[in-house]
Amino acid sequence: MNINWYPGHMVTAAKSIREDLKLIDIVVEVLDARIPKSSQNYIIDEMAEGKEKIVVLNKYDMADKIEVSKWKKYFEDKGISVVLTNAQSGDNISKLLDTIKIVGTKIYKKKYENKTIAIKPIFRVLIVGIPNVGKSTLINKISKKNSANVGNRPGVTVRKQWIRVGENVELLDTPGLLWPRLEDGNAGLKLALTGNIKQEILDLEELSAEGVKILIKNERYNLLFKEKYKLSDEDLIKEAHEIVEIIGRKKGCLISGGEVDLEKASKIFLDDFKNGRIGNISLDSIEK
Ligand SMILES: Nc1nc2c(ncn2[C@@H]2O[C@H](COP(=O)(O)OP(=O)(O)OP(=O)(O)O)[C@@H](O)[C@H]2O)c(=O)[nH]1
Ligand SMILES: [Mg+2]
């Protein structure tokens, strides 16, 4: 699947973030806990070079807990602090704020070694990540305000915005930045299934069939899938697009003549997938 998606506002945002980096002490990279590899952006990595980085694995509530704990260890082994969050419910948000303060204090101690600082330091934090990972939701939860716009579609934040938290933390919300070339592995497919790129720009029937294939291949996900749509063992050995059709029939997506409306069926399946309603599913495993 070849996707080239790099809207104008992202180009502008990337430029302005590069300028803001001079003011920044800490870079918080927000990843989707279901796809910690595919939701990484190499532009961000390059921007964060030389800065202290914290990785947030957000939407933890929808991810496969076994895979997430492996990913947590992977980042920690590289010396990066990791916080698992559910920005929607607020789980672990205070832990993230504590981590920011710990890392910030460490930076200031190093910077002002042997000098007494008269003023209280302010930690300036850049919140970055690909579209729709939950950056603005996270900021609203940390600041206990609804200053940042949120929405369940990529591309909600189009302008950067500073948000003050307490006395000594300032967060910079930024528009989602997507690596403009997505040909590596199945990153585009995974980003579409988790809703980080607009599903409408893809062929929905092809996308849902790919999603079904992923679920069938994995022993645990296969069971979740079967349970969710009350599928039989016979259903599960059929071709992926036929399984989508079965789901459509069960959901009553019919057009005249009793045929299944495949587009509607695909949309229902993809919406369930994106919103974690099939179960806790991760698409990036650490081994691959
Ligand atoms: N289940 C779940 N949903 C979340 C979580 N965090 C955010 N969301 C939802 O994800 C959607 C996107 O959230 P935003 O905060 O707008 O995402 P963003 O990263 O700011 O997106 P852009 O501004 O488009 O780059 C919203 O519908 C949120 O409610 C989470 O931890 N779990
Ligand atoms: Mg946003």
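The first residue of the sequence shown is numbered 1, and numbering continues consecutively from there. Every number for a ligand or one of its atoms is a count from 1 in the order of the listing.
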Original post:
Charged N to carboxylate O below 4.0 Å: is that the case for Arg124 and Asp20?
Top reply: no
Original post:
Does a salt bridge link Lys230 with Glu227, judged by any charged N lying under 4.0 Å from a carboxylate O?
Top reply: yes
Which atoms of ligand 1 sit under 4.0 Å from any heavy atom of [X]?
X      : answer
Asp61  : 1 (N), 2 (C), 30 (C), 31 (O), 32 (N)
Gly176 : 25 (O)
Pro154 : 24 (O)
Ala87  : 6 (N), 30 (C), 31 (O)
Gly134 : 7 (C), 13 (O), 14 (P), 15 (O), 17 (O), 18 (P), 19 (O)

Subject >> N/O/S from Thr157 sitting under 2.8 Å away from the Mg ion (ligand 2) >> reply: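 So Thr157 does bind the Mg ion (ligand 2) by this criterion.
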Original post:
Is there an N/O/S atom in Thr174 at a distance below 2.8 Å from the Mg ion (ligand 2)?
Top reply: no
Original post:
Is the NZ atom of Lys144 crowded by more than 12 outside heavy atoms at less than 6.0 Å?
Top reply: no
Considering heavy atoms of the protein only, find what lies nearest to [atom] and give residue, atom and distance to 0.1 Å.
atom                    : answer
atom 18 (P) of ligand 1 : Lys135 N, 3.5 Å
atom 6 (N) of ligand 1  : Asn58 ND2, 3.1 Å
atom 4 (C) of ligand 1  : Lys59 CE, 3.8 Å
atom 30 (C) of ligand 1 : Asn86 OD1, 3.3 Å
atom 21 (O) of ligand 1 : Asn132 N, 3.0 Å
atom 27 (O) of ligand 1 : Asn152 CB, 3.1 Å

Has ligand 1 got any nitrogen or oxygen that is less than 3.5 angstrom from a nitrogen or oxygen of [X]?
X      : value
Asn149 : no
Val156 : yes
Gly151 : yes

Subject >> CD1-CZ distance between Ile281 and Phe273, expressed to the nearest 0.5 angstrom >> reply: 5.0 Å
Original post:
Side chain, backbone, both or neither: which part of Thr137 has a heavy atom under 4.0 Å from ligand 1?
Top reply: both
Backbone N/O of [Y] and side chain of [X]: donor-acceptor pair under 3.5 Å:
X      : Y      : answer
Asn186 : Leu189 : no
Trp71  : Leu57  : no
Asp203 : Glu206 : yes
Glu67  : Asp64  : no
Arg164 : Glu167 : yes

**OP:** Mark the output for Pro131 as yes if a heavy-atom distance to ligand 1 is under 4.0 Å, and as no if none is.
**Re:** yes
Original post:
So which of Lys78, Lys72, Lys73 actually passes salt bridge (charged side-chain N to carboxylate O under 4.0 Å, His left out) with Glu76?
Top reply: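 Testing Glu76 for a salt bridge (charged side-chain N to carboxylate O under 4.0 Å, His left out) against Lys78, Lys72, Lys73 leaves exactly one candidate, Lys72.
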Original post:
With a cut-off of under 6.0 Å to the ring centre and 45° to the axis, is Lys274 in cation-pi contact with Phe269?
Top reply: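 No.
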Original post:
Quick one: does Asn168's side chain get under 4.5 Å of Lys101's, heavy atoms only?
Top reply: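 A side-chain contact exists here, since the closest heavy-atom pair is under 4.5 Å.
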Original post:
So which of Met62, Gln88, Lys141 gets nearest to atom 9 (C) of ligand 1, if we judge by its closest heavy atom?
Top reply: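 When every heavy atom of Met62, Gln88, Lys141 is considered, Gln88 comes closest to atom 9 (C) of ligand 1.
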